[in-house]
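A, B, ... follow the sequence lines: proteins, then strands. Residue 1 opens every chain. Owing to the predicted nature of the structure, the values given are computational and were not obtained by experimental measurement.
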Amino acid sequence: MHDVLPVPPSVDAWLHTPRWRALERIFRDVCRLHGYREIRTPVMESTDLFARSVGAGTDIVSKEMFTFTDRGERSMTLRAEGTAPVVRAFLENGLASGGSMTKLYYIATIYRYEHGQRGRYREHQQTGIEALGGASPAVDAEVIALAVAFLTRLGIADVALRLNSVGCPTCRPGYLAALLAFAEKRLGLMSRDNRRRFEENPLRMLDSKDPDDHAALEGAPVLRSYLCAECGDHFTELRAHLDDLGIAYELDDRLVRGLDYYTRTAFEFVSPQLGAQDVIGGGGRYDGLIEQCGGPPTPGVGFGIGTERCLMVLDRLEASMMLEDERPIAYVISPGAATSRRAVAMVAELRRAGISAETDYLGRSIKAQMRTANKLGAQWAVILGEVELARNAAAVKNLRNSDEQREIPISGLVSFILDHLHNRVE
RNA sequence: GCGGCUGUAGCUCAGCAGGUUAGAGUGCCAGGUUGUGGCCCUGGAGGCCGUGGGUUCAAGUCCCAUCAGCCGCCCCA
């Protein structure tokens with residue numbers, strides 16, 4: 001877990017609220033362009049929801065959930081994953097309106113009780129989308145295209161898109177049987193982890209990074225050649241769409257995601273900028289999930305992208321982001337107690353006019369106030385000295401250039417500042 | 001869940017084989033300019049040395065535990 005601060009920390013500069021806001025702003029805009037609308041769900045859900053949807057044998061459910069019992073003896077779990085809560089809300093609120101699609105996006109914190117490490121946090125944020133109700137491979141393509149657009153606009157060009165199909169309940173059992181038959185003969189060559197997977201979750205044997213496992217599974221049956229006709233066609237069409245959209249990808253026979261609900265399309269974005277935690281986002285199709293959660297048979301596709309990992313990649317790339325300008329326009333300086341009342345009233349007036357303004361509350365010297373105004377990056381120092389006040393005027397000095405200080409009647413101050421805003425749209 | 005490393009001022013780090021008042025850079029505050037920023041100079045404040053136990057005449061320094069972080073595995077975002 002980590003704090004995100006208004007000033008970038010010297011080591012992890014990505015823990016900087018303006019960068020988070022910039023990322024979120026881009027994500028929201030890309031979602032708007034693609035017709036996705038925001039949904040917010042609670043941080044906690046009934047434990048059941050995750051256990052049933054994600055799958056009891058997965059790492060997420062078997063060892064990584066933040067689970068506790070509430071006062072009503074119900075077992076609750078902090079949001080362990082993004083899709084299940086969206087599906088739950090979709091069903092509970094009747095967002096399914098017969099025959100049409102529902103396209104949703106979220107920006108949400110996710111909780112996993114695992115060993116912390118750089119790029120892997122017990123609390124992290126994901127931006128994600130879910131397209132519900134569309135079975136066409138064109139929807140898969142749109143979901144992937146949205147992710148690509150988002151990463152591109154962020155400035156993360158250096159990512160690889162890995163793609164695979166994990167089949168469906170019709171064709172997967174045939175493949176599993178073939179895989180088990182193949183692996184059984186080579187169990188002795190494989191790691192302990194993979195022997196465990198052989199029993200519990202055989203598909204996951206494929207993406208082991210252990211070199212021995214790699215060698216042992218050399219020549220193992222490939223999932224994609226066992227796809228049924230429908231899954232095969234779906235994958236072929238998806239690839240054609242991606243080609244049309246100019247989205248490059250690499251096929252990865254061994255890409256199998258860690259959540260049980262995926263069917264057909266599975267994909268991941270990986271960055272060479274990160275270390276062991278190199279996946280910045282991933283997703284896929286989950287055609288059986290909604291029905292399994294008690295809804296009508298409804299297909300779905302989506303992805304989740306890790307905010308921390310994106311920002312870390314941007315840091316490594318030393319990419320510049322369009323950050324909001326947080327500098328005040330005006331800093332009102334009052335030389336003494338006698339003028340500080342006027343200063344307080346003055347900043348209020350400026351703010352009412354939409355001009356960001358600050359003043360000193362510590363009774364410090366003019367010099368100190370000027371320093372602070374400069375440090376904050378204020379455009380104007382507005383000096384309310386007794387000499388000026390006697391003439392109903394204020395001295396104004398532009399701190400962002402070396403223009404000379406000038407005196408303006410207080411009655412004209414707001415319009416003067418508005419007329420001289422930087423970046424003013426003419 | 002497994003293995004390894006780290007934890008000293010707000011921040012980045014020094015601190016030699018345990019030995020007097022724990023340092024630097026930067027940031028912060030003030031003065032040099034009796035009402036004026038940026039640069040420069042001078043001074044100042046700021047540290048239960050992660051936490052709890054232990055060894056020792058003496059512990060930031062050694063040992064144990066614990067928490068947090070980092071690296072690898074596992075897994076994922």
Side-chain angles (χ1 to χ4, degrees), chain A residues 1-3 5 7-13 15 54 57-64 79-83 107-128 147 151 191-194 196-197 201 204 207-211 213 255-259 268-271 274-283 303-313 331 333-336 338-339 360 362 364-389 395-405:
Chain A
M1 306 203 229
H2 48 248
D3 298 313
L5 308 170
V7 175
S10 42
V11 174
D12 290 307
L15 289 169
V54 177
T58 62
D59 280 20
I60 292 181
V61 171
S62 62
K63 60 181 192 190
E64 294 176 357
R79 180 169 41 221
E81 185 265 335
T83 302
I107 297 176
T109 47
I110 305 284
Y111 300 84
R112 303 229 177 112
Y113 197 88
E114 53 191 340
H115 234 77
Q117 191 178 139
R118 171 152 282 255
R120 192 174 69 185
Y121 303 98
R122 288 182 167 185
E123 176 186 88
H124 73 274
Q125 179 177 291
Q126 291 185 24
T127 55
L151 296 174
S191 67
R192 213 178 52 198
D193 276 330
N194 252 16
R196 175 179 53 79
R197 293 189 185 111
N201 200 342
R204 299 213 59 87
D207 64 352
S208 168
K209 286 165 193 155
D210 188 304
D213 293 338
L255 171 60
V256 174
R257 312 219 69 234
L259 291 76
E268 279 181 355
F269 292 95
V270 300
S271 167
L274 299 176
Q277 270 64 53
D278 63 350
V279 176
I280 66 177
F303 71 70
I305 289 180
T307 298
E308 286 85 351
R309 290 185 187 174
C310 284
L311 293 172
M312 287 171 74
V313 170
Y331 192 96
I333 288 166
S334 66
T339 56
D360 173 78
L362 303 176
R364 302 200 296 172
S365 69
I366 293 223
K367 182 189 179 117
Q369 293 184 49
M370 285 294 286
R371 258 204 293 263
T372 299
N374 184 61
K375 195 180 63 198
L376 293 175
Q379 180 179 180
W380 297 101
V382 176
I383 301 152
L384 289 187
E386 301 197 44
V387 181
E388 290 83 2
L389 278 181
V396 298
K397 185 172 186 179
N398 191 328
L399 299 180
R400 295 186 194 166
N401 61 28
S402 43
D403 288 356
E404 279 194 30
Q405 183 168 314

P gap between B:U55 and B:C48, integer Å: 26 Å
What contact category does A:Gly119 fall into here, base, sugar-phosphate, or nothing, at under 4.0 angstrom with non-hydrogen atoms? base
Could you check how far CG of A:Asp278 sits from P of B:G72, rounded to whole Å? 10 Å
Side-chain contact test, heavy atoms from C-beta onward, threshold under 4.5 Å: evaluate it for A:Leu15 versus A:Leu5 and give yes or no. no
For residues A:Leu362 and A:Gln369, determine if any side-chain heavy atom of one lies less than 4.5 Å from a side-chain heavy atom of the other. no
Taking side chain as C-beta onward, heavy atoms only, is A:Asp12 less than 4.5 Å from A:Arg118? yes
Please give, in whole Å, the distance from B:U36 P to A:Glu404 CD? 16 Å
Assess whether one donor atom and one acceptor atom, taken from the side chain of A:Glu114 and the base of B:A77, lie less than 3.5 Å apart. yes
I want to confirm an ordering. Mapping A:Ser10 and A:Glu268 to their closest nucleotides on RNA chain B, which one lands closer to the 5' end? A:Ser10
Could you check whether A:Ala368 gets within reach of a base, just the sugar-phosphate, or nothing at all, counting any heavy atom under 4.0 Å? sugar-phosphate
Taking the same atom, P, in B:G47 and in B:C40, what whole-Å distance lies between them? 27 Å
Pick the P atom in B:A45 and in B:U33, then give their distance to the nearest Å. 23 Å
Same-atom distance (C1') from B:C71 to B:G18, integer angstrom: 30 Å
Send over the distance from A:Arg118 CZ to B:A68 C1', rounded to a whole Å. 15 Å
A:Glu64 side chain to A:Tyr113 side chain, donor-acceptor N/O pair below 3.5 angstrom: no
Between B:G35, B:A77, B:C70, which nucleotide has the shortest distance from any of its atoms to the side chain of A:Ile366? B:G35
Among B:U36, B:C70, B:C29, which is the nearest nucleotide to the side chain of A:Lys375? B:C29
Heavy-atom distance under 4.5 Å between the side chains of A:Thr372 and A:Arg364, does that happen here? yes
Using atom P of each nucleotide, how far apart are B:G35 and B:A14 to the nearest Å? 45 Å
Heavy atoms under 4.0 Å, any strand shown: does A:Glu123 hit a base, just sugar-phosphate, or nothing? nothing
Considering only heavy atoms and no angle criterion, is a donor-acceptor pair shorter than 3.5 Å present between the side chain of A:Gln405 and the base of B:G35? no
Touch check for A:Gly281, heavy atoms < 4.0 angstrom, all strands: base, sugar-phosphate only, or nothing? sugar-phosphate
Within the 4.0 Å heavy-atom criterion, would you say A:Arg364 contacts the bases, only the backbone, or no part of the nucleic acid? sugar-phosphate
B:A68 phosphate, OP1 or OP2, under 4.0 Å from A:Tyr121 side-chain N/O: no
For atom C1', what is the distance between B:G54 and B:G72, given to the nearest Å? 32 Å
Given side chains that start at C-beta, do those of A:Asn398 and A:Gln379 come closer than 4.5 Å, heavy atoms only? yes
Any A:Cys310 side-chain heavy atom under 4.5 Å of A:Leu151 side chain: yes
Tell me what A:Ile383 touches on the nucleic acid: a base, only sugar-phosphate, or nothing, going by heavy atoms under 4.0 Å. base
B:A77 phosphate, OP1 or OP2, under 4.0 Å from A:Arg257 side-chain N/O: yes
From CG of A:Asn194 over to P of B:C73, roughly how many Å is that when rounded to an integer? 15 Å
Rounded off to whole Å, could you give me the CD1-to-C1' distance for the A:Ile60 and B:A77 pair? 10 Å
A:Gln117 has an atom CD; how far is it from atom P of B:C74, in whole Å? 11 Å
Classify the side chain of A:Arg120 versus the base of B:C74 as yes if they form a donor-acceptor pair under 3.5 Å and no if they do not. yes
Mind pulling the stems RNA chain B is in, i.e. runs of at least three Watson-Crick or G-U pairs, everything under 3.5 Å? B:1-7 with B:67-73, B:10-13 with B:23-26, B:28-32 with B:40-44, B:50-54 with B:62-66
Between B:A77 atom P and A:Arg122 atom CZ, what is the distance in whole Å? 18 Å
When the P atoms of B:C11 and B:G69 are considered, how many whole Å apart are they? 16 Å
Report yes if some heavy atom in the side chain of A:Tyr331 is under 4.5 Å from a heavy atom in the side chain of A:Asp360; otherwise report no. yes
B:U20 and B:A59, which share atom name C1', separated by this distance in whole Å: 14 Å
Are there over 12 heavy-atom neighbours, none belonging to A:Gln405, within less than 6.0 Å of that residue's CD? yes
The single option from A:Arg120, A:Glu123, A:His124 passing side chain to side chain contact (heavy atoms under 4.5 Å, CB included) against A:Glu308: A:His124
5'-most by nearest nucleotide on RNA chain B - A:Thr372 or A:Glu386: A:Thr372
Side-chain touch A:Leu259/A:Thr83, heavy atoms, less than 4.5 angstrom: no
Report each atom pair, protein N/O against N/O of nucleotides 38-47 of chain B, whose distance is under 3.5 angstrom.
{"unit_1": "B:G38", "atom_1": "O4'", "unit_2": "A:Asn374", "atom_2": "ND2", "d": "3.1"}

A:Arg309 side chain: which of B:C28, B:G31, B:A77 is closest? B:A77
So, using salt bridge (Lys or Arg N to Asp or Glu O under 4.0 Å) as the criterion, who are the partners of A:Arg371 when residues are at least two apart? none
Please report the distance, rounded to the nearest Å, between CD in A:Gln369 and P in B:C29. 12 Å
